[in-house]
Amino acid sequence: MVHKTSRRWGLLLLALVLCATAAMYLIRGDLLTIQQLEGKSFGSATSSDVVEAEAIEARLLAVGLHPTGLLSDLGVDDHMARLANKEVSSDILMQYADAIEALSERSMSQGQPLPPSLWDVTTKALQESGWTVYSLTMALASKDGEIHVDMLSNSYGAYLQTRPNALEGALSLLPLARAYVEALPEQARAERAAYAQTDGEATLLIWQALMSGTSRHNPLTHTPLWSHGYVGHFSVPHIHQYATGKGALQSDVWGVGGFNEMFVGVDSNNNQVEHLGISALLQGVAGVPGALLNAIEALEVMVDHENPIAANADRALNRVVQEILVPKVEDNPTEITEALRAALQ
């Protein structure tokens, strides 16, 4: 009994050391973020606040905003309350409605309209970045914002076309992420170099954001390992929630269809798309060795009593990322998806 107890604590200590080492890999330098649009100032107009409140309310409803907010979207009632409290002007609200209408038309022209309520969401990260829900929506509706809207529309369309095959859906986003990275203006490509040094690394950053938008915190210090900021809201699972008006877990939106059983293990291990994206980002961008990720899996089994079968499936997924994705990260994205498909299905 003493021998087993000592061995257990020895493994726990080893795992903690590995976690700390992983944290050093992850927090070196700047945090990983996605290149974001530059905030613009939209002052509150006062001279032309002559539009009747009823007309503004009707306009906001006409472009598709929910009367009260169905999920975490603000809803028309919130905007009208802001207008009444002089927190926003009638001009800004009408420009906001015009922008939402333009975004709907732009995404429809791409073949997959995006839900108007997707734009009607404010978060702490948005505010900390110097945006308001109004200024961001107007920026996205501008000529400079087209590239971002097109990517979201194409990505959501790809998801819908491949349902319920989660693997095919996830893989379909990889070439779209690369095309987006390569189409970014030169200034944006230069700015993102602080977080992703190559097109391949930037592709993984965007790919993971589209699949889940998940940010992560160091389990020891509880500080961010990486954060997508407000951009994390614009992920395929979030788009689908606003399109359907139903809150859902990412695992429910994606499922595990298409993955070979060895990469799932048990029914409860249903977040494999999210796991694929996180493992790709950690190993392919942050440079975390796969062995460290696998050690964390062992820690979760030992300390958190996670299912060992599920842990084995996650380790198998980590190995595919390590042996197939990371070495090919700068290759043609179609070749990468073919290699991943052959390994994972």
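Because the structure is predicted, anything quoted here is derived from the model rather than measured.
Proximity of a side-chain donor or acceptor of Glu201 to a complementary backbone N or O of Val285 within less than 3.5 Å is not detected. Judged by distance alone, with hydrogens and angles left aside, the side-chain atoms of Ser153 form a donor-acceptor pair with the main-chain N or O of Gln112 at under 3.5 Å. Under the 3.5 Å distance criterion, the side-chain polar atoms of Ser135 are left unmatched by any main-chain donor or acceptor of Trp131. No side-chain donor-acceptor contact under 3.5 Å links Gln322 to the backbone of Gly290. Between the side chain of Glu306 and the backbone N or O of Ala311 there is no donor-acceptor pair closer than 3.5 Å. Side-chain N or O atoms of Gln283 include none that pairs as donor or acceptor with a backbone N or O of Val321 at under 3.5 Å. With Asn260 contributing its side chain and Met262 its backbone, the two residues share a donor-acceptor pair below 3.5 Å. Proximity of a side-chain donor or acceptor of Gln110 to a complementary backbone N or O of Asn154 within less than 3.5 Å is not detected. Judged purely by atom type and a 3.5 angstrom limit, Thr137 has no side-chain atom pairing as donor or acceptor with the backbone of Tyr134. In this structure, Ser155 contributes its side chain and Met151 its backbone to a donor-acceptor pair below 3.5 Å.
One hydrophobic cluster, built from ILVMFWY side chains closer than 4.5 Å, holds both Val273 and Ile324. Under a hydrophobic clustering in which Ile, Leu, Val, Met, Phe, Trp and Tyr are joined whenever their side-chain heavy atoms come within less than 4.5 Å, directly or via other members, Met80 and Leu61 fall into the same cluster. No single ILVMFWY cluster, assembled from side-chain heavy atoms under 4.5 Å apart, contains both Ile296 and Val301. The hydrophobic cluster containing Leu160 also contains Leu210, counting ILVMFWY residues as joined when their side-chain heavy atoms lie under 4.5 angstrom apart, directly or transitively. Note on Leu249 and Phe259: separate hydrophobic clusters, where clusters join Ile, Leu, Val, Met, Phe, Trp and Tyr whose side-chain heavy atoms are under 4.5 Å apart, directly or indirectly.
Looking at heavy atoms from C-beta onward, Val236 lies out of side-chain contact with Met211 at the 4.5 angstrom threshold. The shortest side-chain heavy-atom distance between Arg106 and Leu114 does not fall under the 4.5 Å cut-off. Within the 4.5 Å cutoff, the side chain of Val88 has no heavy atoms near those of the Tyr96 side chain. Taking the side chain as every heavy atom from C-beta outward, Asp314 and Gln272 approach each other to under 4.5 Å. The closest side-chain heavy-atom distance from Ile147 to Leu184 is below 4.5 Å. Counting only heavy atoms from C-beta outward, the side chains of Leu276 and Leu317 approach each other to under 4.5 Å. Using a 4.5 Å heavy-atom threshold, the side chains of Leu204 and Val329 count as touching. At least one side-chain heavy atom of Thr337 sits under 4.5 Å from a side-chain heavy atom of Pro175.
The distance from the CD atom of Glu323 to the NZ atom of Lys328 is 12.5 Å, given to the nearest 0.5 Å. Atom-to-atom distance recorded for Glu297:CD and Leu292:CG is 12.5 Å, nearest 0.5 angstrom. Atoms CD and OG, on Glu105 and Ser109 in that order, are 9.0 Å from each other to the nearest 0.5 Å. To the nearest 0.5 angstrom, Leu74 atom CG is 13.0 Å from His66 atom NE2. Leu60 contributes atom CG, which lies 9.5 Å from atom CG of Leu83 (distance to the nearest 0.5 angstrom). One finds the CD atom of Gln241 at 10.5 Å from the OG atom of Ser117 (value rounded to the nearest 0.5 Å).
With hydrogens and angles left out, the side-chain atoms of Asn312 and Arg315 include a donor and acceptor closer than 3.5 Å. Between Gln208 and Ser212, the side chains place a donor N or O and an acceptor N or O closer than 3.5 Å (distance only, hydrogens not considered). Side-chain contact, Ser72 with Tyr242: a donor N or O sits under 3.5 Å from an acceptor N or O.
Scanning both residues, Ser107 and Pro113, for their nearest heavy atoms gives OG-CA, 3.4 Å. Nearest heavy-atom pair across Ala280 and Trp207 is CB-CZ3, 4.0 Å. Listed here is the closest heavy atom pair of Val253 and Ala248: CG2-CB, 4.0 Å. Nearest heavy-atom pair, Asn270 versus Ser251, reported as atom, atom and distance to 0.1 Å: O-CB, 3.1 Å.
Counting only residues at least two apart or in different chains, salt bridge (Lys or Arg N to Asp or Glu O under 4.0 Å) contacts with residues 69-79 comprise Asp78-Arg82. Within the structure, the salt bridge (Lys or Arg N to Asp or Glu O under 4.0 Å) test picks out the following pairs touching residues 107-124 (sequence neighbours left out): Lys124-Glu128.
Annotation: Asp267, atom CG; neighbour count of heavy atoms from other residues, nucleotides and ligands within 6.0 Å does not exceed 12.
Note on ring orientation: taking the six-membered ring where Trp is involved, the planes of Trp119 and Phe234 are tilted (angle from 30° to 60°). Between His233 and His238, the ring-plane angle classifies as tilted under the 30° and 60° cut-offs.
Note on Glu101 versus Arg59: salt bridge recorded, some NZ/NE/NH1/NH2 to OD/OE distance being below 4.0 Å.
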Exercise for the section: Test Glu168 against Ser172 for side-chain hydrogen bond (donor to acceptor under 3.5 Å, both in side chains), laying out the working first. Expected result: CA-CA 6 Å; Glu168 287 301 323; Ser172 71; over 6 Å; no
